[in-house]
Amino acid sequence: MSKRRSSPTTIAIWSLVIAGLAVLQFPGILLYHDVAEPRILGMPFIYGFNLVVWAILCVVLFWAYKVHWGRARPHNSDERFDAEVDQ
């Protein structure tokens, strides 16, 4: 039984998605309650920061969609898979 090796693209996508979601869940709002309100894109910092991170995550997920991230890759001898992709 052979182990499947992850491609560099798969590792990059997983890393970016996990890091992006971790950044969104960071309780940084607790650090800014005494600070004069900084702004990003005219919004309070935390809202602007979340908007920017979500935009980056959307781009990463679109890239993942385009490279068929997470799709099982059958052996090269499987012609049925090739026929499905061509349709």
Side-chain angles (χ1 to χ4, degrees):
M1 191 156 107
S2 66
K3 285 189 172 185
R4 248 181 94 183
R5 296 197 63 185
S6 297
S7 70
T9 303
T10 302
I11 293 169
I13 291 170
W14 271 113
S15 300
L16 289 171
V17 168
I18 291 172
L21 292 174
V23 165
L24 287 173
Q25 296 302 315
F26 177 71
I29 190 76
L30 301 175
L31 303 174
Y32 293 102
H33 69 283
D34 289 336
V35 179
E37 200 168 294
R39 299 203 170 258
I40 295 178
L41 301 174
M43 294 181 281
F45 174 78
I46 199 68
Y47 300 125
F49 180 74
N50 278 339
L51 183 67
V52 169
V53 173
W54 270 114
I56 292 169
L57 279 173
C58 287
V59 169
V60 168
L61 291 175
F62 182 72
W63 172 42
Y65 169 74
K66 287 303 216 181
V67 298
H68 303 291
W69 171 55
R71 186 176 197 171
R73 300 278 183 185
H75 298 294
N76 292 337
S77 62
D78 192 1
E79 291 143 10
R80 185 182 59 163
F81 176 77
D82 294 334
E84 288 177 10
V85 172
D86 292 338
Q87 290 179 358

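What you see below is based on every heavy atom in this structure, not just the backbone, and it leaves out hydrogens, waters and symmetry mates.
- A side-chain hydrogen bond (donor to acceptor under 3.5 Å, both in side chains) check over residues 10-22, counting only residues at least two apart or in different chains, returns the pairs Ser7-Thr10.
- Val53 meets the side chain to side chain contact (heavy atoms under 4.5 Å, CB included) test with Val23, Leu24, Phe49, Leu57; sequence neighbours excluded.
- Ile18 and Val60 fall within the same hydrophobic cluster, where Ile, Leu, Val, Met, Phe, Trp and Tyr residues are linked whenever their side-chain heavy atoms come under 4.5 Å apart, directly or through other members.
- Trp63 pairs by the ring pair (Phe, Tyr, Trp, His ring centres under 6.0 Å) definition with nothing, not counting sequence neighbours.
- Atoms CG and CD1, from Leu16 and Ile11 in turn, are 12.0 Å apart once rounded to the nearest 0.5 Å.
- The hydrophobic clustering, which links ILVMFWY residues whose side-chain heavy atoms are closer than 4.5 Å, places Val52 and Phe62 apart.
- Within the model, atoms CH2 of Trp54 and CG of Leu21 stand 6.0 Å from one another, a figure rounded to the nearest 0.5 Å.
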